[in-house]
Amino acid sequence: MVAISLPDGSSRHYDGAVTAEQVAGDIGPGLAKAAIVARINGALVDLRLPIETDANLEIITRTSKEALEVLRHDCAHVLAEAAKELWPDLQVTIGPAIEDGFYYDFAKSEPFTPEDLVVLEKRMAEIVARDEAIERQVWARDKAIDYFKSIGEHYKAEIIEDLPEDEPITVYSQGDFVDLCRGPHLSSTGKLGDAFKLMSIAGAYWRGDHRNEMLQRIYGTCWRNKKELKAYLFRLEEAEKRDHRRLGREMDLFHFQEEAAGMPFWHPKGWTLYRLLQDYMRRRLDDAGYLEVRTPQLFDRKFWEMSGHWETFQEHMYTTEFEDRIFALKPMNCPGHVQIFKQGLKSYRDLPLRMAEFGSCHRLEPSGALHGLMRVRAFTQDDAHIFCTVEQISSEGKLFCGLLQAVYKDLGFAEVVVKFADRPPVRVGADEIWDRAEAALLEATEAAGLEYTLNPGEGAFYGPKLEFVLRDAIGRDWQCGTLQVDFNLPDRLEASYIGDDSARHQPVMLHRAILGSFERFIGVMIEHYAGRLPFWLSPVQVVLATITNDADEYANLVAARMKAAGLRVEVDLRNEKIGYKVREHSLAKVPVIAAVGQREREENTVALRRLGDKGQKVSGLDDAIAALSAEGAIPGGS
RNA sequence: GCCGGCGUAGCUCAGGGGUAGAGCAACUGAUUCGUAAUCAGUAGGUCAGAGGUUCAAUUCCUCUCGCCGGCACCA
């Protein structure tokens with residue numbers, strides 16, 4: 001007897017082994033049809049896997065969340081089958097489900113073309129229409145290796161060779177296509193449906209290692225139904241509209257050009273935004289007891305050898321040579337800050353010493369890594385180093401987490417995820433110091449009320465770190481802030497302080513940044529807000545648009561008063577219709593358009609139109625100015 | 001850096017071995033208008049750069065640079 005317990009608490013009994021497919025059929029034909037896979041005792045398995053002992057069973061249907069991953073994985077297999085049919089000489093490798101879809105990596109001598117995607121997609125639809133049964137088999141290791149070698153699938157054979165000895169080799173077949181796979185899979189290709197689409201062709205290294213050969217990756221997306229697919233494609237279009245590179249041009253914030261690849265040119269409006277953010281950060285840091293400094297851009301190579309950066313990052317540093325010496329543009333600020341710390345003798349009474357710099361850095365990033373403001377070669381960090389004792393790590397960490405949360409909140413990011421990265425296998429420092437540092441950092445995180453996930457073994461070689469990840473308005477994650485504990489650099493650069501025991505001690509250095517870099521953070525903000533920045537950060541807060549020339553004088557007067565109240569105002573006196581002006585300034589994402597005509601002039605009012613609103617609100621001039629300047633106040637003020 | 005794609009006016013894009021075209025923007029003029037495009041006219045280009053093939057190259061080929069999609073990298 002096999003007893004199958006179902007999620008509703010009921011159970012069914014069978015004389016012998018049974019499959020989830022049979023159980024679903026017994027419950028009802030509708031369920032059998034909708035079934036995708038089964039969850040047996042917590043693990044997802046094929047519908048046709050025999051259940052031989054008592055078990056908890058849940059039928060996963062198309063509508064359930066877990067179905068998506070299976071559908072996507074199956075879609076990858078159908079893609080592989082289609083590719084194999086169309087190009088029998090290519091080799092298949094791996095093809096997992098990923099967020100929003102799947103990919104499959106192929107080894108093929110000729111590159112795929114965009115037209116190939118169309119042909120592949122058509123063939124995939126045919127395979128779905130064939131409704132081929134998908135069958136699972138367990139093979140002996142040697143047999144599997146021999147088989148895949150015999151059909152010329154050397155990558156597959158390599159994967160099997162590297163699988164742990166005790167891992168069962170499961171092989172799935174659909175039609176003539178046989179693939180090594182852990183599963184689970186649908187019971188037949190017909191269940192895949194038609195809500196999939198091939199998206200792009202890309203290159204990818206075999207096993208993710210740049211020393212290996214490049215494979216050709218095809219990305220696709222797959223959903224439970226056409227409606228979801230359509231919604232996803234729409235979402236992509238919307239995301240494209242908020243691309244900071246596009247908005248940067250449309251809003252006239254910045255540009256790039258090839259003579260300075262990866263180094264932004266900030267236009268007046270973009271620089272206004274940059275300055276507003278910097279002023280805000282500067283005040284936040286002042287209030288939090290940081291001391292701002294400025295260090296040189298160019299250092300003798302020997303300096304970077306001492307700090308240890310030359311050895312690792314030489315290739316990624318800009319250098320120049322004169323008087324037989326090599327100099328490098330600073331790629332980071334830490335060693336410079338240590339030099340300031342080392343000036344004069346420091347006492348334990350000086351600690352914690354919080355040293356901040358809006359440090360301009362240059363890194364020779366690989367050409368393929370550049371991406372708008374998100375990855376640049378010239379950038380400015382909101383960098384600071386806290387020199388403190390081991391005992392102070394916790395309290396300083398907590399203070400920092402609090403500051404970071406306040407800043408993110410002011411900048412409009414409510415969701416912050418924290419990753420705690422602890423000691424890596426290769427590291428410096430005694431284990432007992434690591435114990436204390438990790439404990440202190442964790443304590444600080446918890447005390448700050450931040451939720452965190454563990455990132456085991458991912459800490460820096462010199463100490464544990466926290467990574468702060470922002471979630472933006474459309475659900476994308478951006479790692480911006482960081483807090484790193486460093487035992488190494490103070491040692492290498494011989495920083496010390498005199499303790500209360502009159503002996504020399506080595507300070508701990510906390511590296512920390514909130515924005516990460518101004519450039520990248522501004523990029524993230526532009527995308528988060530889709531260009532519609534908060535009022536206090538808008539480069540132009542109000543445009544005064546006249547309806548006819550009769551109102552020119554009044555418009556200038558209103559603008560002057562608004563400017564006097566600290567608002568950033570532009571005047572549009574052009575001889576254009578108000579509808580035209582509204583459209584233009586709306587597209588430029590100006591938050592408030594103040595229209596003035598004869599009526600406003602006579603009544604001493606302004607007609608305020610908010611970006612995105614349909615109508616406008618007429619208010620008295622004094623009220624409007626008072627309200628707008630209150631709204632424009634920089635948050636977090638003391 | 002690697003794989004693939006792309007590079008034509010400020011922007012979005014069409015074209016194609018016989019030295020270029022549209023819409024929007026710009027400029028000029030008319031219009032003075034009440035909330036997301038007023039009308040007309042004018043001007044605008046070493047077709048990314050350098051070589052090569054050809055009687056002739058923006059078009060075909062090679063290289064370089066840049067950008068885009070990924071991968072790798074990210075102190």
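As the structure is a prediction and not an experimental result, all values here were calculated from the model. Every chain is numbered from 1, with letters handed out A, B, ... down the list of sequences.
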Which base, if any, makes a Watson-Crick or G-U wobble pair with B:rU42, both distances under 3.5 Å?
B:rA26
Can you say whether a donor on the side chain of A:Y205 sits under 3.5 Å from an acceptor on the base of B:rG1, or the other way round?
yes
Residue from A:W310, A:F299, A:F313 passing ring pair (Phe, Tyr, Trp, His ring centres under 6.0 Å) with A:W304
A:F299
Sugar-phosphate, base or nothing in reach of A:A202, heavy atoms under 4.0 Å:
base
Any base atoms under 4.0 Å from A:Q598, or only sugar-phosphate, or nothing? Heavy atoms, all strands.
base
With a 4.0 Å cut-off on heavy atoms, is A:L587 in touch with a base, just the backbone sugar-phosphate, or nothing at all?
base
Give A:G368 one of three labels, base, sugar-phosphate or nothing, depending on what nucleic acid heavy atoms sit under 4.0 Å from its own.
base
Tightest non-hydrogen contact, residues A:F379 and A:S517, listed as CD1-CB, 3.9 Å
Report the distance from atom CG of A:L215 to atom P of B:rG4, rounded to the nearest whole Å.
13 Å
When the C1' atoms of B:rA22 and B:rC55 are compared, how many Å lie between them, rounded to an integer?
33 Å
Separation of the C1' atoms in B:rC61 and B:rU28, to the nearest angstrom:
46 Å
Base, sugar-phosphate, or nothing: which does A:E576 touch, judged by heavy atoms less than 4.0 Å apart?
base
Just checking A:K108: does its NZ atom have more than 12 heavy atoms from other residues, nucleotides or ligands closer to it than 6.0 angstrom?
yes
Write down the distance separating the P atoms in B:rG23 and B:rA9, rounded off to the nearest Å.
16 Å
Under 4.0 Å between any heavy atoms, over every strand shown, what does A:A595 touch: base, sugar-phosphate, or nothing? Just pick one.
base
With rounding to the closest Å, how many angstrom separate the P atoms on B:rC6 and B:rC60?
10 Å
Hey, does A:R217 reach any base, or is it just sugar-phosphate, or nothing, if we go heavy atoms under 4.0 Å?
sugar-phosphate
Would you say A:S367 places a side-chain N or O within less than 4.0 Å of OP1 or OP2 belonging to B:rG1?
yes
By the 4.0 Å heavy-atom rule, please label A:H585 as base, sugar-phosphate, or nothing.
nothing
What is the nucleic acid contact for A:K614, judged by heavy atoms within less than 4.0 Å: base, sugar-phosphate only, or nothing?
sugar-phosphate
Which of these nucleotides, B:rA72, B:rA75, B:rG34, is closest to any side-chain atom of A:F313?
B:rA75
Ignoring hydrogens and geometry beyond distance, is the side chain of A:R207 in donor-acceptor contact with the base of B:rC71 at under 3.5 Å?
no
If pairing means Watson-Crick or G-U wobble with both distances under 3.5 Å, then the partner of B:rC47 is none
With sugar-phosphate meaning primed atoms plus P, OP1 and OP2, does A:R245 contact a base, only sugar-phosphate, or nothing at under 4.0 Å between heavy atoms?
sugar-phosphate
Indicate, with a heavy-atom threshold strictly under 4.0 Å, whether A:T312 touches base, sugar-phosphate, or nothing.
nothing
So which nucleotide does B:rG17 pair with, by the Watson-Crick or G-U wobble rule with both distances under 3.5 Å?
none
Counting the atoms with a prime plus P, OP1 and OP2 as sugar-phosphate, which does A:R211 contact under 4.0 Å by heavy atoms, base, sugar-phosphate, or nothing?
nothing
When only distance counts, do a donor and an acceptor, one from the side chain of A:E365 and one from the base of B:rG1, lie under 3.5 Å apart?
no
Could you give the CZ-to-C1' distance, from A:R375 to B:rA75, as a whole number of Å?
11 Å
Can you tell me how far P in B:rC47 sits from the matching atom in B:rG5, rounded to whole Å?
24 Å
Can you tell me if the side-chain N/O atoms of A:H371 get under 4.0 Å from OP1 or OP2 in B:rG69?
yes
Given that both distances must come in under 3.5 Å, which nucleotide forms a Watson-Crick or G-U wobble pair with B:rG69?
B:rC3
Considering the options A:V540, A:L608, A:L544, which one meets the side-chain contact (heavy atoms from CB on, under 4.5 Å) requirement together with A:V592?
A:L608
